[in-house]
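Heads up: the structure comes next, in structure tokens.
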Amino acid sequence: QVQLVESGGGLVQPGGSLRLSCAASGRTFSTYDMGWFRQGPGKEREFVAVITRSGGITYYADSVKGRFTISRDNAKNTVYLQMNSLKPEDTAVYYCASGYYGRLRRGSSDYWGQGTQVTVSS
């Protein structure tokens with residue numbers, strides 16, 4: 001079992017930045033890959049980014065590439081999502097998830113956090 005708790009969401013103006021955190025517990029953090037997903041109003045949940053257990057490989061959705069950065073600190077059992085140059089279309093509930101790289105890229109995971117709201121608006 002893995003427990004995931006996101007934090008760091010909020011209201012930000014277009015062009016601004018936020019850093020989301022996801023704290024994990026329950027299993028050795030360095031033994032699983034981690035991903036971020038989001039679900040905007042009236043939309044299906046979509047993949048945002050994934051990072052391997054060592055942090056050596058990352059992959060991003062085209063919509064966030066060059067603006068968002070996923071990272072992890074295995075000593076703190078935490079994965080981060082640094083979001084820069086935010087746009088109104090980035091408004092969504094952001095979720096972290098744990099599992100395997102390939103499954104996470106396809107949007108599948110057995111463990112999800114409760115989500116944190118990000119609103120980009122002037």
* To do: Any chance you could measure L81, atom CG, to M34, atom CE, to the nearest 0.5 Å?
  =>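 Nearest 0.5 Å value for the CG-CE distance: 11.0 Å.
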* Asked: About how many Å separate OG of S63 and CD of E89, when rounded to the nearest 0.5 Å?
  ->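 The distance works out to 9.0 Å.
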Please identify each residue that fulfils side chain to side chain contact (heavy atoms under 4.5 Å, CB included) with [X], with sequence neighbours left out.
X: V12; result: L18, L86, V120
X: N77; result: F29
X: S122; result: P14
X: D110; result: R103

Looking at side-chain heavy atoms only, is the closest gap between [X] and [Y] below 4.5 Å?
X: Q1; Y: R27; result: no
X: T116; Y: L20; result: yes
X: M83; Y: R19; result: no
X: I70; Y: Y80; result: no
X: V79; Y: I51; result: yes
X: W36; Y: E6; result: yes
X: L104; Y: R106; result: no

* To do: Go through the structure and list residues passing salt bridge (charged side-chain N to carboxylate O under 4.0 Å, His left out) with R53, not counting sequence neighbours.
  => D33
* salt bridge (charged side-chain N to carboxylate O under 4.0 Å, His left out) against R67, all qualifying residues, sequence neighbours excluded ->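 R67 satisfies salt bridge (charged side-chain N to carboxylate O under 4.0 Å, His left out) with D90 only.
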Minimal non-hydrogen separation, [X] against [Y], with atom names:
X: V93; Y: G115; value: CG1-CA, 3.8 Å
X: Y32; Y: S98; value: CD1-CB, 3.4 Å
X: S85; Y: S17; value: N-OG, 4.4 Å
X: L4; Y: A24; value: CD2-CB, 3.6 Å

Run the side-chain donor-acceptor check on residues 42-50: report pairs under 3.5 Å with partners two or more places apart or on a different chain.
{"from": "E46", "atom 1": "OE2", "to": "R38", "atom 2": "NE", "distance (Å)": "2.6"}
{"from": "E46", "atom 1": "OE2", "to": "R38", "atom 2": "NH2", "distance (Å)": "3.2"}

* Asked: More than 12 heavy atoms of other residues, nucleotides or ligands under 6.0 Å from CG of L11: is that the case?
  -> yes
* To do: Sort and list the pairs that fulfil disulfide (SG to SG under 2.5 Å) and have at least one residue in residues 26-59, not counting sequence neighbours.
  => none
* Tell me the disulfide (SG to SG under 2.5 Å) pairs involving residues 19-122, sequence neighbours left out? -> C22-C96
* With sequence neighbours excluded, give me every ring-ring contact (aromatic ring centres under 6.0 Å, His included) pair touching residues 98-120. => F37-W112
* **Which residues share a side chain to side chain donor-acceptor pair (under 3.5 Å) with Q117, sequence neighbours left out** => T119
* Output all residues satisfying side chain to side chain donor-acceptor pair (under 3.5 Å) with Q82, sequence neighbours left out; order by chain, then residue number. =>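 So Q82 forms a side chain to side chain donor-acceptor pair (under 3.5 Å) with N84.
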